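Below is one structure, written out as structure tokens, with a few remarks after it.
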Amino acid sequence: MRYDLVIFDNDGVLVDSEPISNRLLAGYLTELGHPTSYEESLRDYMGAAMHRVHDLVEERTGQRLPDDFDDVFHARVFAAFERELKPVAGAVDVLERLVADGVPYCVASSGSHARIRTGHRATGLDEWFEERWVFSSEDVGRGKPAPDLFLYAAEQMGVAPERCVVVEDSPLGVRAAVSAGMDVYGFTAMTPAERLSGASQLFGDMRDLPDLLV
């Protein structure tokens, strides 16, 4: 393959969590008096770290979310993951191919380490990721669209940014990868292709990814 490291986003790329988490986020924000539809949650928060939710609500309304907002939201999400979460179709096939070809990979997610690991355990993907291959926005000062997380992951994995490719499904993630000087393949299963227009390449079926990386 042409790259020395494949960096996966997690939500929507490895685990099919975006419908679950954005449904719950929209519902919780609405409960708190900030009416938000599922579509608005996808548009504004998909691929973002939690601080973006706090920042946008305060910017738009002048009100701060409750101090326990993150804890309550994550408790709801984790419970739903245990009941409903599935791997993205084709994700295991991609990981099997990378292992067979000896290509290093890791995950770099806006989600917390607890969220990543909960999702991986619920879907069986935990067997594919050693702890040292899992990176979260918690590990850096700024989440996506800042490039910090992807640059940190590349550094920890010992690979130069220009030898990395990022697999992303959110506009924020695409912007972060481009800012990091990395190629980025935009996964369009849930996101309209035009919203990922900055990507090096677009694809809609995860099973097609290995052949695109050659």
Side-chain angles (χ1 to χ4, degrees), residues 6-29 36 38 41-57 65 68-88 91 95 105-154 156-157 166-177 180 184 186-187 189-191 196 206:
V6 180
I7 303 176
F8 291 98
D9 176 43
N10 190 55
D11 294 292
V13 170
L14 293 174
V15 296
D16 194 17
S17 54
E18 294 292 8
I20 298 170
S21 58
N22 282 281
R23 182 188 77 226
L24 293 172
L25 179 58
Y28 189 27
L29 288 172
T36 305
Y38 171 73
S41 183
L42 287 175
R43 180 195 68 200
D44 293 341
Y45 305 122
M46 183 172 166
M50 288 301 294
H51 66 75
R52 179 177 172 85
V53 181
H54 291 263
D55 292 346
L56 278 185
V57 169
L65 292 171
D68 64 349
F69 179 86
D70 290 12
D71 291 339
V72 172
F73 174 64
H74 285 136
R76 295 182 184 188
V77 168
F78 294 173
F81 279 2
E82 298 292 348
R83 297 191 305 268
E84 306 174 41
L85 191 62
K86 300 286 189 291
V88 165
L95 297 173
Y105 62 86
C106 64
V107 60
S109 172
S110 293
S112 66
H113 279 284
R115 177 185 173 118
I116 298 166
R117 280 308 187 189
T118 297
H120 285 190
R121 284 194 299 270
T123 57
L125 289 180
D126 53 337
E127 66 181 85
W128 294 95
F129 287 91
E130 294 184 18
E131 191 66 41
R132 60 195 176 96
W133 301 345
V134 177
F135 305 100
S136 160
S137 61
E138 292 180 323
D139 300 326
V140 296
R142 299 179 299 167
K144 307 169 190 178
D148 305 37
L149 176 57
F150 291 138
L151 292 172
Y152 177 76
Q156 293 299 304
M157 296 293 290
V166 175
V167 184
E168 262 288 354
D169 71 333
S170 76
L172 294 174
V174 168
R175 286 169 54 194
V184 53
F187 184 44
M190 275 197 62
T191 308
L196 303 178
M206 191 57 67

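Being a predicted model, the structure only gives us computed values, none of them experimental.
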query: Hey, mind stepping through Leu29 and Val53 against side-chain contact (heavy atoms from CB on, under 4.5 Å) and telling me if it holds?
result: CA-CA 9 Å; Leu29 288 172; Val53 181; 4.2 Å; yes
field: Beyond-backbone contact of Met157 with Ile7, side-chain heavy atoms, under 4.5 angstrom
entry: no
query: Is there side-chain contact between Gln156 and Asp139, with at least one heavy-atom pair below 4.5 Å?
result: no
- line: side chain to side chain donor-acceptor pair (under 3.5 Å) pairs touching residues 118-128, sequence neighbours excluded, are Asn10-His120
Heavy-atom closest contact (Leu85 atom, Gly119 atom, distance): CD2-CA, 3.5 Å
Value rounded to 0.5 Å, distance of NZ in Lys86 from CD1 in Ile20: 8.0 Å
- prompt: When you look at Thr191 and Phe187, which way does the side-chain contact (heavy atoms from CB on, under 4.5 Å) test go after all the steps?
  reply: CA-CA 7 Å; Thr191 308; Phe187 184 44; over 6 Å; no
message: side-chain contact (heavy atoms from CB on, under 4.5 Å), that's the test. Do Arg115 and Ser109 meet it? Break it down for me.
response: CA-CA 10 Å; Arg115 177 185 173 118; Ser109 172; 5.9 Å; no
task: Kindly indicate whether the side chain of Asp16, heavy atoms from C-beta on, has any atom under 4.5 Å from the side chain of Glu84.
output: no
task: To the nearest 0.5 angstrom, please state how far the CZ atom of Arg117 sits from the NE2 atom of His113.
output: 9.0 Å
task: Working to the nearest 0.5 Å, report the span between CZ of Arg43 and OH of Tyr38.
output: 14.0 Å
message: Contact between Asp44 and Thr36 at the side-chain level, heavy atoms closer than 4.5 Å - yes or no?
response: no
query: Is there side-chain contact between Cys106 and Val134, with at least one heavy-atom pair below 4.5 Å?
result: no
query: Parallel, tilted or perpendicular: which fits the ring planes of Phe73 and Tyr28, with parallel below 30° and perpendicular above 60°?
result: parallel
Any residue meeting salt bridge (Lys or Arg N to Asp or Glu O under 4.0 Å) with Asp9, in chain and number order, not counting sequence neighbours: Lys144
message: A side-chain contact here means heavy atoms from C-beta on lying under 4.5 Å apart; do Leu95 and Leu125 qualify?
response: yes
Ring pair (Phe, Tyr, Trp, His ring centres under 6.0 Å) between Phe150 and Phe135, intermediate numbers included: CA-CA 9 Å; Phe150 291 138; Phe135 305 100; over 10 Å; no
field: Heavy-atom pair of closest approach, residues Ala49 and Ser137
entry: CB-OG, 3.8 Å
task: Quick one: do Val88 and Leu14 satisfy side-chain contact (heavy atoms from CB on, under 4.5 Å)? Show the steps, please.
output: CA-CA 5 Å; Val88 165; Leu14 293 174; 5.7 Å; no
message: Please find the pair of heavy atoms, one from Ser136 and one from Gly111, that lie closest to each other, and give the distance.
response: OG-O, 2.6 Å
- line: Between Gly143 and His51 the two heavy atoms that sit nearest each other are N-NE2, 3.6 Å
field: Results of salt bridge (Lys or Arg N to Asp or Glu O under 4.0 Å) for Arg142 - residues two or more places apart only
entry: Asp148
field: Mutual orientation of the aromatic rings belonging to Phe81 and Phe78 [parallel < 30°, tilted 30-60°, perpendicular > 60°]
entry: tilted
Closest non-hydrogen atom pair between Gly173 and Ser170, with its separation: N-OG, 3.0 Å
query: Between Glu18 and Leu42, is there a donor-acceptor pair closer than 3.5 Å when you use the side chain of the first and the backbone of the second?
result: no
- prompt: Is the closest side-chain heavy-atom distance between Pro19 and Met190 below 4.5 Å?
  reply: yes
query: With distance as the sole criterion, is a donor-acceptor pair present between the side chains of Asp11 and Ser17 under 3.5 Å?
result: yes
task: Might you point out which heavy atoms bring Pro171 and Leu196 nearest each other, and give the distance in Å?
output: N-CD2, 3.6 Å
